[in-house]
**Q** 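Mind looking over this structure? Questions follow.
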Amino acid sequence: MTASPQSVEPFDLVIFGGTGDLAVRKLLPALFHRFLDGQIPASSRIVGVAREALDDAGYRAHLREALVGVCAAAQLDVFLQQVFYRPLDARKDEGWDDFAALIGKQPEHVRVFYLSTSPELFVDICTRLGQYKLNQGASRVVLEKPIGRDLASANQINDAVGKVFSESQTFRIDHYLGKETVQNLLVLRFGNALFEPLWNSAHIDHVQITVAETLGVGHRGAYYDRAGALRDMVQNHMLQLLCMVAMEPPSSLAPDAVRDEKLKVLHSLKPIDESNAAQLTVRGQYRAGVAEGASVPGYPEELGNSKSNTETFVALKAEIANWRWAGVPFYLRTGKRLPSRVSEIAVTFKPVPHSIFGPDAGTLSQNRLVLRLQPDEGVKLWLTIKHPGPGGLRLRHVPLDMSFAEAFGVQQPDAYERLLLDVVRGNPTLFMRRDEVEAAWRWAGPILAAWADSGEPPRPYTAGSWGPSAAVALIERDGRTWNEDSE
């Protein structure tokens with residue numbers, strides 16, 4: 001039995017950067033799927049905004065080509081009639097009067113302004129929206145990551161945006177929080193009596209969070225070389241996942257109750273700086289190799305810059321200084337051109353204190369709970385059981401494996417499908433509050449500074465491998481190993 005989709009109020013959703021990769025590959029398909037499920041009211045409008053000189057018909061033709069290959073086409077024509085386009089340059093006056101007039105035609109609608117652009121344009125766009133009074137009423141702004149390059153630039157952006165949109169109107173999106181598995185982590189922990197009593201340093205040995213990609217930087221090279229893996233993935237996505245694993249039980253699912261608990265985790269992270277970054281972090285950069293069965297160039301060749309010191313891989317050991325997690329390491333690992341595309345959280349429990357089984361029974365392995373975020377969202381719990389048969393007692397380590405797609409018989413919605421409609425509803429639970437962003441930068445900033453001060457380049461690793469050998473040493477010197485058997 002599947003849940004019935006919840007309707008939303010009529011809305012106008014404006015996508016700045018409407019011809020960009022995120023808009024065409026993720027945002028518009030997500031909205032189309034919500035349309036197919038009957039969640040987008042007929043009077044709602046989706047407005048793409050970019051510098052390209054297109055009109056409504058040209059934009060619809062552009063989207064048709066992109067959507068027909070990934071979405072069911074039966075009702076595509078009807079959906080596209082709700083899509084419009086306005087050419088705008090955020091830093092020029094031309095076109096803003098026409099745009100404001102279009103949005104002003106339906107003042108009773110919820111207004112969502114999605115800034116799918118470079119962060120350098122956030123302030124210009126919001127300033128213009130304020131000048132044309134488009135920030136009034138039920139108006140919201142969505143800020144894509146990364147918000148700034150460090151704490152100072154993040155504060156500059158947040159200060160400027162805050163002059164136009166209040167904190168309650170500002171939705172800082174991290175699409176990982178919209179994934180079904182991440183939300184199910186809350187239910188697993190707080191909806192079952194089984195796990196929460198064990199969710200502490202007395203019973204958990206360590207936690208691993210892995211976000212691995214097989215792709216290189218591709219057409220994102222210009223952006224990526226300014227950001228790097230720590231800014232692109234660790235400071236936002238991976239720290240948010242860590243918070244969801246480690247936070248205390250909130251008093252309710254009220255937005256600030258959840259976000260208050262995540263903030264406490266960020267404040268409790270032990271510092272990593274110039275004094276210990278060399279021991280607790282590994283940064284790498286891929287070289288030529290084989291990925292998905294094909295030869296691929298290294299990052300310098302793909303980027304066209306042989307002197308780039310930008311990291312495409314990060315592994316680090318984090319610790320949380322509080323009573324629940326004292327002494328439990330959190331190992332984070334992310335990179336491009338790795339052997340497989342997988343995002344997962346692996347919680348390894350401590351071994352049993354005493355084994356009653358003899359050496360002939362085999363190895364008594366530690367229990368492990370693995371939450372798969374992609375590609376096949378689900379939960380896997382590894383247990384030790386007796387191998388069937390009369391040939392003596394032999395131990396086997398086997399998984400209880402639950403795939404959401406198989407268990408519920410439905411395609412799991414993309415994270416953006418949930419998050420976009422949460423913005424329309426005005427529900428900020430799965431979005432980052434300003435103080436969360438600041439706390440994340442306070443922790444990540446000293447790592448970046450330590451790397452810059454060291455002058456050491458990223459360690460090379462072959463495309464198609466699991467990163468530099470130093471990443472293996474990072475965890476194995478603690479007597480542990482990276483989890484690579486959960487697929």
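Since the model is a prediction, treat every value here as computed from it, not as a measurement.
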**Q** Do the non-hydrogen side-chain atoms of Ile320 and Phe330 ever get within less than 4.5 Å of each other?
**A** yes

**Q** Between the side chains of Asp260 and Arg433, is the shortest nitrogen-to-carboxylate-oxygen separation below 4.0 Å, so that they form an ion pair?
**A** yes

**Q** Just checking, any donor-acceptor pair under 3.5 angstrom between side chains of Glu436 and Gln240?
**A** yes

**Q** Between Thr127 and Asp124, is there a side-chain donor-acceptor contact under 3.5 Å, judged purely by atom types and distance?
**A** no

**Q** Quick check for you: to the nearest 0.5 Å, what is the distance between Asp150 atom CG and Gln156 atom CD?
**A** 8.0 Å

**Q** Indicate whether any N or O donor in one side chain lies under 3.5 Å from an N or O acceptor in the other, for Tyr299 and Asp225.
**A** yes

**Q** Less than 4.0 Å between a side-chain N and a carboxylate O, is that true for Arg34 and Glu417?
**A** yes

**Q** Can we say Glu456 and Arg283 salt-bridge, meaning some charged N sits less than 4.0 Å from an Asp/Glu carboxylate O?
**A** no

**Q** Scan side-chain atoms only and decide if Asp414 and His33 contain a donor-acceptor pair under the 3.5 Å cut-off.
**A** no

**Q** Between the side chains of Glu213 and Lys336, is the shortest nitrogen-to-carboxylate-oxygen separation below 4.0 Å, so that they form an ion pair?
**A** yes

**Q** Between Tyr132 and Ala100, what is the shortest heavy-atom contact and its length?
**A** CD2-CB, 3.6 Å

**Q** If the threshold is 4.0 Å, N to carboxylate O, is there a salt bridge linking Arg64 and Asp77?
**A** yes

**Q** Checking side-chain polar atoms at under 3.5 Å, does Arg111 have a donor or acceptor matched by the opposite partner on Gln136?
**A** no

**Q** Would you call Asp98-Arg86 a salt bridge at under 4.0 Å N-O?
**A** yes

**Q** Salt-bridge test for Arg259 and Asp435: reply yes if a basic N is under 4.0 Å from a carboxylate O, no otherwise.
**A** no

**Q** Can you tell me how far the NE2 atom of His62 sits from the CG atom of Leu54, to the nearest 0.5 Å?
**A** 7.5 Å

**Q** Would Glu344 and Thr210 count as a side chain to side chain donor-acceptor pair (under 3.5 Å) here? Give the steps.
**A** CA-CA 5 Å; Glu344 67 176 26; Thr210 295; 5.0 Å; no

**Q** For Asp12 and Gln106, which I'm curious about, is there any donor-acceptor pair between the side chains at under 3.5 Å?
**A** yes

**Q** Is there a donor-acceptor contact under 3.5 Å from the side chain of Asp422 to the main chain of Asn427?
**A** no

**Q** If only atom types and distance count, is the side chain of Glu311 paired as donor or acceptor with the main-chain N or O of Gly284 below 3.5 Å?
**A** no

**Q** Are Gln208 and Arg333 close enough that a side-chain donor and a side-chain acceptor fall under 3.5 Å?
**A** no

**Q** Do His109 and Phe11 have ring centroids that are under 6.0 Å from one another?
**A** no

**Q** Any donor-acceptor pair under 3.5 Å linking the side chain of Arg140 with the backbone of Val424?
**A** yes

**Q** Classify the angle between the aromatic ring planes of Phe113 and Phe16 as parallel (below 30°), tilted (30 to 60°) or perpendicular (above 60°).
**A** tilted

**Q** Within this structure, what is the CD1-CG distance for the pair Ile345 and Leu241, rounded to the nearest 0.5 Å?
**A** 5.0 Å

**Q** If we ignore hydrogens and angles and just use 3.5 Å, is the side chain of Asp256 paired with the main-chain N or O of Thr429 as donor and acceptor?
**A** no

**Q** Would a distance-only check, ignoring hydrogens and angles, find a side-chain to backbone donor-acceptor pair under 3.5 Å from Tyr114 to Gly17?
**A** no

**Q** Looking only at the side chains, is there a donor atom on one of Glu52 and Thr19 sitting less than 3.5 Å from an acceptor on the other?
**A** yes

**Q** Apply side-chain contact (heavy atoms from CB on, under 4.5 Å) to the pair Val314 and Trp451, showing each step before the final yes or no.
**A** CA-CA 12 Å; Val314 172; Trp451 288 347; 3.8 Å; yes

**Q** Is there a side-chain contact (heavy atoms from CB on, under 4.5 Å) between Phe84 and Arg60 once you walk through the steps?
**A** CA-CA 8 Å; Phe84 303 85; Arg60 290 167 182 164; 3.6 Å; yes

**Q** Are side-chain heavy atoms of Leu115 and Leu121 found at a separation under 4.5 Å?
**A** no

**Q** Could you tell me whether Arg189 and Glu196 have a side-chain N and a carboxylate O separated by less than 4.0 Å?
**A** yes

**Q** Rounded to the nearest 0.5 Å, what separates atom CG in Leu419 from atom CD1 in Ile173?
**A** 4.5 Å

**Q** Shortest non-hydrogen contact from Arg231 to Ala227?
**A** NH1-O, 3.3 Å

**Q** Can you list the steps and then say if Phe171 with Leu143 is a side-chain contact (heavy atoms from CB on, under 4.5 Å)?
**A** CA-CA 6 Å; Phe171 290 71; Leu143 306 182; over 6 Å; no

**Q** Regarding Arg172 and Asn236, do their side chains bring together a donor and an acceptor under 3.5 Å, going by distance alone?
**A** no

**Q** State whether the side chain of Ser308 and the backbone N or O of Thr310 hold a donor-acceptor pair below 3.5 Å, judged by distance alone.
**A** yes

**Q** Would you give the length of the straight line joining atom CG of Leu332 to atom CG of Leu316, rounded to the nearest 0.5 angstrom?
**A** 5.0 Å

**Q** Which distance, rounded to the nearest 0.5 Å, do you find between the CG of Asn322 and the CE of Met247?
**A** 13.5 Å

**Q** How far apart are the C-alpha atoms of Thr170 and Arg434, what are their side-chain angles, what is the distance that settles it, and do they pass the side-chain contact (heavy atoms from CB on, under 4.5 Å) test?
**A** CA-CA 9 Å; Thr170 305; Arg434 174 172 178 167; over 6 Å; no

**Q** I'd like to know if the side chain of Glu301 reaches the main chain of Gly298, judged simply by a donor and an acceptor atom lying under 3.5 Å from each other, with no hydrogens or angles considered.
**A** yes

**Q** Distance-only, no hydrogens or angles: does the Asn184 side chain make a donor-acceptor pair with backbone N or O of Glu180 under 3.5 Å?
**A** yes

**Q** How are the rings of Phe32 and Phe35 set to each other: parallel, tilted or perpendicular (split at 30° and 60°)?
**A** parallel

**Q** Any cation-pi pair here, Arg128 with Phe99, using under 6.0 Å and within 45°?
**A** no

**Q** Do side-chain atoms of Trp199 reach the backbone of Val245 as a donor and acceptor pair under 3.5 angstrom?
**A** yes

**Q** Under 4.0 Å between a side-chain nitrogen and a carboxylate oxygen: does that hold for Arg324 and Glu248?
**A** yes

**Q** When you measure from the side chain of Gln374 to the backbone of Val342, do you find a donor-acceptor pair of N or O atoms at a distance under 3.5 Å?
**A** no

